[in-house]
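To start, the structure under review is shown below, and the notes come after it.
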Amino acid sequence: EVQLQASGGGWMQAGGSLRLSCAASGFTFDDYTIGWFRQAPGKEREGVSCISSSDGSTYYADSVKGRFTISSDNAKNTVYLQLNSLKPEDTAVYYCATPCWYNSTSYDYWGQGTQVTVSS
């Protein structure tokens, strides 16, 4: 079965950086689009970033563009999200999900997520 295991979250002071990882299994990784959404308590799901494992094209939400970078290592079936210049409003649970499209926050699969907490 498809599994998406997110890790790397934690606490960070505003302005700091974190690197999230998502280990994927159960499908041919380079045939999928994959990425991240986040959800904070009391807020709606927000699509963060997507990457196409086949052609490397990427998408970023306006709220994170210029601060976050998505990348993938197809040989390891792993996708990463580098979070730089963190802000308190980035605090949320971050979920790895597939498929991932720039104009949708609907996914077929996602994992349990990893908590990111940013303090001012």
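The analysis underlying the following values was restricted to heavy atoms, covering all of them including side chains, and did not include hydrogens, waters or symmetry mates.
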Does any part of the side chain of [Y], heavy atoms only, come nearer than 4.5 Å to the side chain of [X], both counted from C-beta?
X     : Y      : value
Ser17 : Met12  : no
Arg38 : Thr91  : no
Ile51 : Cys100 : no
Ser49 : Val64  : no

If you look at every heavy atom in [X] and [Y], which pair is closest and at what distance?
X     : Y      : answer
Ala24 : Ile34  : CB-CD1, 4.3 Å
Pro88 : Ser120 : CG-CB, 4.0 Å
Ser72 : Asn74  : OG-OD1, 3.5 Å
Gly47 : Ala61  : O-CB, 3.3 Å
Glu46 : Ser63  : OE2-OG, 2.8 Å

Give a yes or no on whether [X] and [Y] share a hydrophobic cluster (residues Ile, Leu, Val, Met, Phe, Trp, Tyr; joining criterion: side-chain heavy atoms under 4.5 Å apart).
X     : Y      : result
Leu4  : Tyr95  : no
Leu86 : Trp36  : yes
Tyr94 : Val118 : yes
Phe68 : Val93  : no
Tyr80 : Leu20  : no

Practice prompt. Working to the nearest 0.5 Å, report the span between CD of Gln3 and CG of Asn77.
Written response: 12.0 Å

Worksheet item: Does the side chain of Ser54 come under 3.5 Å of the side chain of Ser52 through a donor N or O and an acceptor N or O?
Response: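 On atom types as modelled, these side chains qualify, holding a pair under 3.5 Å.
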
Worksheet item: Any idea how Phe37 and Tyr107 line up, ring-wise: parallel (<30°), tilted (30 to 60°), or perpendicular (>60°)?
Response: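 Rings of Phe37 and Tyr107: parallel, under 30°.
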
Fill in: Parallel, tilted or perpendicular: rings of Tyr59 and Tyr102 (30°, 60°)
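Ring orientation, 0 to 90° scale: tilted.
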
Discussion item. Quick one: does any side-chain atom of Thr98 pair with a main-chain N or O of Thr33 as donor and acceptor, under 3.5 Å?
Written reply: yes

Worksheet entry | Expected output: side-chain Asp90 to main-chain Val116 donor-acceptor under 3.5 Å | no

Discussion item. If you count every heavy atom of other residues, nucleotides or ligands that lies below 6.0 Å from Asp62 atom CG, does the total exceed 12?
Written reply: no

